[in-house]
Amino acid sequence: MKLSRTSFISIVLFLGFVSSLSGENWVLASQEFKIKNKNIKESESQLTKVLPQLILEQFSENGLRLISSEEELDRELYKLQTERLSLFLQLSKEEKSRDALVLSKATPSELKKALSEAGKKIEDIESKISENLKLTEETKNKYQERISSEKQGLDIAEEHKSGFSFFQNDKNLLASELVSLYKSDNSALFTPGTQAAEDGISSYAFENEITAAKINGLLCGDITVFGEYCSVNVNLYVFPGAKNAGCVTEVGSINDLVSISQSVARKLTPKIANSKPVKLRFEIEPEEAREHALVSIDGVILGKEAVREEVIIDAGIHTVTVSSENYENQTVNYSFSGEEIFTVKTTLKPVVEGVSSIRLKKYREGLFSFNGAESSSINDQNPAGTVAINGRTVLGVFKNNEGETAFIMIPEKYSADGLNLLVNAKPFNREKNIDKRRKSMYTAYSVLVCSLVPTFYCVGNLNASVNAYNADRGSYSNAQKWQNYSYFSIGVSGVCGSWFVVELIRYLNAANEVLPAEAKKE
């Protein structure tokens with residue numbers, strides 16, 4: 001099963017583009033959950049920590065979150081608000097300092113000068129506050145049109161559920177950030193200070209602590225326990241702004257918290273991704289398989305009509321399975337995000353079952369084993385073995401009576417019923433052979449390196465004696481002597497080099513013999 005090439009390339013380019021838009025990750029964290037019941041067992045009290053940790057564990061791998069213009073606006077406004085508060089504190093300090101000048105200055109001239117300087121500082125701070133307020137309004141106006149466009153796109157997306165067209169909004173309006181966990185650890189839970197916890201999640205003190213921890217999304221939940229079952233209610237808050245991005249409720253057994261956490265995480269995924277629904281189209285071959293095909297997404301069977309119509313699902317990671325009578329099932333796990341429409345293509349293979357005959361090119365007694373199970377013995381009365389095939393590549397091994405083995409592969413094109421197969425498998429101790437060839441290669445290499453020492457020495461003396469003879473400082477007989485030594489040493493090094501090449505080839509062939517012998521049609 002595969003996605004269409006156009007969709008795949010678009011996704012890669014889109015993810016590469018959006019991942020470069022932001023240098024920081026979108027950090028997800030969770031508080032310790034709360035239990036509503038008053039009287040609970042000690043073991044049940046551990047649910048408040050274990051459950052959020054299990055939920056966060058489902059998001060261990062980096063996902064992608066689309067950052068809306070409204071979320072960007074909240075971040076900008078929070079920065080401006082923090083700057084205004086800082087300026088206001090500075091203004092308060094300067095006002096108090098100016099009032100204290102009356103008591104600290106001895107002469108009227110010193111007081112006048114000091115008041116003038118203090119006034120300039122106060123005016124400068126007031127001017128910065130005014131600029132901040134002005135910039136705040138400009139920022140709101142700048143984002144207003146973008147926010148309006150995105151909301152129109154969301155409205156159209158909702159209309160599609162009633163039969164109208166959608167996916168008309170401008171997807172380029174949205175930036176993107178990678179989703180990561182708080183402290184990069186699913187076991188790390190965020191714990192607010194006493195004052196922030198008392199003031200509540202929407203308070204400025206709580207938001208300050210969240211922002212200081214660089215958290216963008218916070219999970220808060222409560223648990224209700226009755227007997228062996230519990231109800232979990234999880235809210236996702238986005239900061240800055242403490243906006244509730246969605247609520248998820250799940251009921252399950254307290255003895256199977258993993259299933260509860262997986263279900264909650266699956267429902268939270270589109271809310272964390274902040275993505276719109278996507279459409280799936282299916283192209284199934286061959287036509288006979290398409291006529292009887294069934295599609296299931298995340299284990300939910302959609303029915304035969306899903307094959308002919310477009311299916312709308314939440315963006316995120318989904319498991320898609322296509323099945324048809326007398327054909328093998330095909331399954332794909334994929335992150336359906338970043339695009340509006342995905343085309344899922346698959347070519348179903350017919351179910352193949354049967355038995356083929358297989359024998360060795362050179363007769364040996366032994367045992368054929370395929371797929372980890374003993375298949376058949378080879379002896380004088382039974383020179384050929386049998387192998388069950390299913391239309392796929394089959395791996396096996398032949399072991400002779402001495403315990404030596406040879407690996408065998410039946411390629412997919414010969415995995416058919418009723419064929420007579422022949423394989424040139426040679427059982428022997430491959431590990432011992434490889435070790436032997438390796439030692440021989442190292443020996444040849446060592447001899448070659450040692451032979452190069454006298455060769456370099458002789459060639460060097462030859463060059464020196466020739467230069468001395470040409471300069472009338474040496475004899476011809478001495479130059480001829482070193483020439484003979486050089487020819488001999490070069491010849492020896494050449495022989496050693498040839499020996500090394502031969503041993504290297506033998507070693508590579510020995511290493512290559514671990515590959516399975518391929519069966520062929522007889």
Side-chain angles (χ1 to χ4, degrees), residues 22-32 67-144 146-147 175 177 180 182-183 188-220 235-245:
S22 175
E24 296 184 359
N25 290 354
W26 193 88
V27 180
L28 176 67
S30 178
Q31 278 187 285
E32 182 178 338
I67 307 301
S68 65
S69 297
E70 191 169 0
E71 190 170 342
E72 289 183 4
L73 174 60
D74 288 337
R75 296 182 184 182
E76 294 294 332
L77 293 180
Y78 180 79
K79 292 179 182 177
L80 293 171
Q81 181 189 29
T82 303
E83 182 182 342
R84 284 200 306 276
L85 288 173
S86 176
L87 291 171
F88 183 78
L89 292 175
Q90 295 177 39
L91 179 62
S92 175
K93 178 182 176 181
E94 292 299 332
E95 288 279 2
K96 292 177 181 178
S97 299
R98 185 182 64 177
D99 294 342
L101 291 175
V102 178
L103 301 176
S104 62
K105 300 303 177 181
T107 64
S109 60
E110 290 180 356
L111 176 61
K112 183 177 180 181
K113 182 180 179 181
L115 288 174
S116 176
E117 292 176 354
K120 289 180 181 179
K121 291 182 179 179
I122 291 173
E123 289 177 2
D124 182 59
I125 294 173
E126 289 177 343
S127 175
K128 290 181 179 180
I129 293 177
S130 297
E131 291 177 1
N132 182 287
L133 291 171
K134 181 180 178 182
L135 183 59
T136 298
E137 291 302 317
E138 290 176 354
T139 302
K140 290 179 180 178
N141 294 332
K142 181 180 71 173
Y143 279 91
Q144 192 61 44
R146 291 172 57 182
I147 293 173
E177 291 177 348
S180 62
Y182 176 53
K183 296 183 178 180
L189 301 179
F190 173 74
T191 304
T194 304
Q195 187 60 48
E198 290 179 358
D199 293 346
I201 196 169
S202 59
S203 66
Y204 184 74
F206 194 100
E207 188 161 14
N208 264 351
E209 292 192 12
I210 284 285
T211 307
K214 297 183 178 181
I215 294 173
N216 302 101
L218 182 67
L219 300 180
C220 301
N235 289 277
L236 171 64
Y237 291 93
V238 177
F239 291 89
K243 293 185 177 179
N244 192 327

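Positions are given from 1, in the same order as the sequence printed here.
- Here the side chains of Lys243 and Glu70 are in contact, with some heavy-atom distance below 4.5 Å.
- Leu115 contributes atom CG, which lies 9.5 Å from atom CD of Glu117 (distance to the nearest 0.5 angstrom).
- Note that NZ of Lys96 is 11.0 Å distant from CG of Leu91, once rounded to the nearest 0.5 Å.
- Looking only at side-chain heavy atoms (C-beta outward), Thr191 and Glu32 stay at 4.5 Å or farther from each other.
- Contact between Leu73 and Lys140 at its shortest, heavy atoms only, is CD1-CA, 4.1 Å.
- Here Asn216 contributes atom CG and Trp26 contributes atom CH2; the two are 6.0 Å apart, rounded to the nearest 0.5 Å.
- Residue Leu236 holds its CG atom at 8.5 Å from CG of Leu218, rounded to the nearest 0.5 Å.
- Looking only at distances, a side-chain donor or acceptor of Ser130 sits under 3.5 Å from a matching main-chain atom of Glu126.
- Electrostatic pairing of Glu177 and Arg75 counts as a salt bridge here, judged by a charged N lying under 4.0 Å from a carboxylate O.
- A heavy-atom distance below 4.5 Å is found between the side chains of Phe190 and Ile210.
- Side-chain contact between Tyr237 and Gln31: absent, with no pair of heavy atoms (C-beta onward) separated by less than 4.5 Å.
- Atoms CD and CG, from Glu137 and Leu80 in turn, are 10.5 Å apart once rounded to the nearest 0.5 Å.
- Classification of Arg98 and Glu95 as a salt-bridged pair holds, one side-chain N sitting under 4.0 Å from a carboxylate O.
- Going from atom CD of Glu83 over to atom NZ of Lys79 covers 11.0 Å, rounded to the nearest 0.5 Å.
- With hydrogens and angles disregarded, no donor-acceptor distance shorter than 3.5 Å links the side chain of Ser92 to the backbone of Phe88.
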Worksheet entry | Asp124 vs Lys120, salt bridge (Lys or Arg N to Asp or Glu O under 4.0 Å): CA-CA, chis, key distance, verdict | CA-CA 6 Å; Asp124 182 59; Lys120 289 180 181 179; over 6 Å; no
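- The side-chain hydrogen bond (donor to acceptor under 3.5 Å, both in side chains) test applied to Arg84 returns Asn132, Thr136, not counting sequence neighbours.
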Check residues 192-209 and write down every donor-acceptor pair under 3.5 Å in which the side-chain atom is one partner and the other belongs to a residue at least two apart or another chain.
unit_1 : atom_1 : unit_2 : atom_2 : d
Gln195 : NE2    : Asp199 : OD1    : 2.9
Gln195 : NE2    : Asp199 : OD2    : 3.3
Ser203 : OG     : Gly200 : O      : 2.7
Ser203 : OG     : Phe206 : N      : 3.2
Glu207 : OE2    : Gly241 : N      : 2.5
Asn208 : OD1    : Tyr78  : OH     : 2.7
Glu209 : OE1    : Gly193 : N      : 2.8
Glu209 : OE2    : Gly193 : N      : 3.4

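- Ion pairing of Glu76 with Lys142 is absent here, as no side-chain N (NZ or NE/NH1/NH2) approaches a carboxylate O to less than 4.0 Å.
- A pairwise comparison of heavy atoms in Leu87 and Ile129 identifies CB-CG1, 3.6 Å as the closest pair.
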Discussion item. Does Ser127 form a side-chain contact (heavy atoms from CB on, under 4.5 Å) with Glu131? I'd like the steps, not just the answer.
Written reply: CA-CA 6 Å; Ser127 175; Glu131 291 177 1; 3.7 Å; yes
